[in-house]
Every structure is written in C-alpha cells, then in structure tokens.
Amino acid sequence: MPRPRSPHPRFDSSDDLLDGHPAATLDLHGFSAAEAEPALKAFLGTWRTRQPGALLHVITGRGRGSKGAPVLKPIVKRVLKNLPPSTVRDWAVTLDEGGYRVRLY
C-alpha cells in the first residue's frame, strides 16, 4: 500500500536544497500573524531581485510558543503555495520542522 502524501514538500538526504548554504535567513520569531505575511513577501521579493535562484531560509519555529495551534508555519505555507509560479521554484519544511527552505526562480 502506498504511503500517504505529506501535506507539504519535505527534504531528504538526496535533496540538493538540504546541503545548500542559504543566501539569507528571515527569522519570524516574535512576529504577529499580521506582520508575518507582508514581511515574508517583502523578503522573497527583495531576494528574487537581488539574487535570482537564491536559496533562502525562513524560520518560523515549531509553534510551541503559540497558544493553541502554531500560527506562523501555516501562514508561511499558505503564502508559498499561493505565490505566482514564477516566484518560487521549490520549497520544503526543514528537517527540524522549525522553518522552510525556499529556492527562488
């Protein structure tokens, strides 16, 4: 029986994004839900202009500090899924599940 698909892409040891050194990191710890989305979009837009094809690291944390369910991870995931296809080539949850690695076009 096939394994169920993960709800988001994941890295494995054969993935070249896993070993790549990120050009930049955005740490969203301490951001509110209202602040996180525009900060992420600005970060991606700036780096897409500055260095097309860059590998970026977005830190969300695992959501353990949130009251109830995690707040930042779902926002980042939604933004990444809904960006125009020409913006992000690939993205995945980091191995520690505390953020995302993003490869731009």
Open item on the list: Among residues at least two apart in sequence or on other chains, which ones pass side-chain contact (heavy atoms from CB on, under 4.5 Å) with P84?
Closed with: S86, T87
Open item on the list: Side-chain heavy atoms nearer than 4.5 Å, only ILVMFWY residues, links allowed to pass through others: does that put V76 and F31 together?
Closed with: yes
Identify each donor-acceptor pair in which a side-chain atom of residues 32-46 lies under 3.5 Å from a protein atom, sequence neighbours left out, and give them as a table.
| unit_1 | atom_1 | unit_2 | atom_2 | d |
| --- | --- | --- | --- | --- |
| S32 | OG | A34 | N | 3.4 |
| S32 | OG | E35 | N | 3.1 |
| S32 | OG | E35 | OE1 | 3.3 |
| E35 | OE1 | S32 | N | 2.9 |
| E37 | OE1 | R78 | NH1 | 3.4 |
| E37 | OE1 | R78 | NH2 | 2.9 |
| E37 | OE2 | K41 | NZ | 3.0 |
| T46 | OG1 | A42 | O | 2.9 |

Task: P70 side chain reached by R62 side chain, heavy atoms, under 4.5 Å - done: no
Task: hydrophobic_cluster_shared for L28 and L83, side chain cutoff 4.5 Å - done: yes
TODO: Tell me, please, which residues at least two apart from D96 pass side-chain hydrogen bond (donor to acceptor under 3.5 Å, both in side chains).
DONE: T94
TODO: State the NZ-OG1 distance between K73 and T60, to the nearest 0.5 angstrom.
DONE: 5.5 Å
Open item on the list: On a heavy-atom basis, which atom in K77 and which in W91 lie closest, and how many Å separate them?
Closed with: CG-CH2, 3.9 Å
Task: For E97 against V93, the heavy-atom pair lying closest together - done: CA-CG1, 3.6 Å
- [ ] For residues L104 and W47, report the shortest heavy-atom separation together with the two atoms involved.
- [x] CD1-C, 3.6 Å
